[in-house]
Protein chains: 2
Amino acid sequence: MQTEDDFELAGFTPYLLTLAAESQSDVFSRNYRDLYGMLRTEWRVLYHLGRYGELSAREISERARIHKTKVSRAVRALEEKRFLARVTSDTDRRSERLSLRAPGRAAFDVLSQAARDYEAALERRLGKRDARTLRRLLKRLAAT
Amino acid sequence: MQTEDDFELAGFTPYLLTLAAESQSDVFSRNYRDLYGMLRTEWRVLYHLGRYGELSAREISERARIHKTKVSRAVRALEEKRFLARVTSDTDRRSERLSLRAPGRAAFDVLSQAARDYEAALERRLGKRDARTLRRLLKRLAAT
DNA sequence: CCTTGTTGGTTACAAAGGTAACTAACATCA
DNA sequence: TGATGTTAGTTACCTTTGTAACCAACAAGG
């Protein structure tokens, strides 16, 4: 007789979160990885520039909560792809104003639309109610 | 006038999944990382040996769906910590039977209990109903 | 001015993980 | 028993990421 159930890793929430996150990331990453050779951090930086316009690396780092070294490397990669331009700030020569160039803007448009499509497909798959519940719970967990 | 809402990364499910997974993994990893200097793969390998008994590296690899190179490195690390013993198989000299030694068994007991406690705390925090819904949805997404 | 401390951004180094190539042992079949 | 192919496990190499050190520019106070 056993008073306590054996612990099952297969039902452990942090484990399931990791599996689900990897699975869904793998699916969506095909968009930015295969189409543009981008890494996830690059996509996130591109997104912030596309959505909010000209920003400095520090501003991206704060808004996106990405460490400044990762931003630095992503910016360099995006620059090499001719996706963004850097202009030294007038008021602070340490800082650079970053903005998307036409190809970067085009990639942003394509990827944003892909993301909307992806989200819509997920919502159809899970049902509107469950998809909303999922997002709500994930936000609570992410905030921990 | 705008016919389509701007896409918001902050509400994108794959993004929220990644944040939530990182957040919860960070919290739980303190148990195996700080207490035993283990990485996540080591904890997963230890778990399988503790839960299912003597296994070969290949069997762990299949059951846990961890690539054999990751298993190989985790096994070496656990061996260096004196957490497991390897004995060449009688029937196949390429293969080794792996089993936990006393300190490994002790670590397994502590970590399994920590995981049960963690899950219970999460369930209190989210409520039983939402916690169950979350696990159900994550399993669906992980299966993709 | 001129120190002292802070900030924006990059680089160096080490840790981890993925992929491919490899070694030794096994299995099969002629 | 010997050639051929497969399998268990390890190693080598490369990419990505985190941490710390670093450089140049700024800011504040004397």
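Letters A, B, ... mirror the listed sequences (proteins, then strands); counts begin at 1.
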> Between B:Asp92 and B:Arg73, who's closer to the 5' end of DNA chain C by nearest nucleotide?
Replying inline: B:Arg73
> Given atom CG of A:Asp90 and atom C1' of D:dC26, what is their separation to the nearest angstrom?
Replying inline: 16 Å
> Atom CZ of A:Arg58 and atom P of D:dA24: how far apart are they, to the nearest Å?
Replying inline: 21 Å
>> Considering every strand and a 4.0 Å limit on heavy-atom distances, what is the contact class for B:Ser61: base, sugar-phosphate, or nothing?
In response: nothing
>> Rounding to an integer number of Å, can you tell me how far A:Arg93 CZ sits from C:dG8 C1'?
In response: 13 Å
> When you check the gap from the basic side-chain N to the acidic O, do A:Arg140 and B:Asp130 get nearer than 4.0 Å?
Replying inline: no
> Would you call A:Glu59 and A:Arg97 a salt bridge, using N to O less than 4.0 angstrom?
Replying inline: yes
> Has the side chain of B:Lys70 got a donor or acceptor that lies under 3.5 Å from a partner of the other kind on the base of C:dG17?
Replying inline: no
>> Distance check needed: C:dA16 P versus B:His67 NE2, whole Å only.
In response: 19 Å
> In whole Å, what is the span from the CZ atom of B:Arg65 to the P atom of C:dG18?
Replying inline: 16 Å
> What integer distance in Å separates A:Ile66:CD1 from C:dT10:P?
Replying inline: 14 Å
> Within this structure, what is the NZ-to-P distance between B:Lys68 and C:dC22, rounded to whole angstrom?
Replying inline: 14 Å
> Aromatic rings A:Trp43 and A:Phe28: how do their planes relate, parallel, tilted or perpendicular, breaks at 30° and 60°?
Replying inline: tilted
> Using a cut-off of 4.0 Å on non-hydrogen atoms, how would the nucleic acid contact of B:Arg40 be classed: base, sugar-phosphate, or nothing?
Replying inline: nothing
>> Does C:dG9 have OP1 or OP2 under 4.0 Å away from a side-chain N or O of A:Ser95?
In response: yes
> Under 4.0 Å between a side-chain N/O of A:Arg76 and OP1 or OP2 of C:dT11, yes or no?
Replying inline: yes
>> Give me the atom names and distance for the closest heavy-atom approach of A:Tyr32 to A:Leu39.
In response: CE1-C, 3.8 Å
>> Test of understanding: clusters of I, L, V, M, F, W, Y form through side-chain heavy atoms closer than 4.5 Å, transitively. Do A:Leu111 and A:Val71 belong to the same one?
In response: yes
> Can you tell me if the side-chain N/O atoms of B:Ser72 get under 4.0 Å from OP1 or OP2 in D:dG9?
Replying inline: no
> What is the distance, rounded to the nearest whole Å, between atom CG of A:Leu98 and atom P of C:dG9?
Replying inline: 7 Å
>> Quick check for you: among C:dT11, C:dA16, C:dA24, whose closest atom lies nearest to any side-chain atom of B:Arg94?
In response: C:dA24
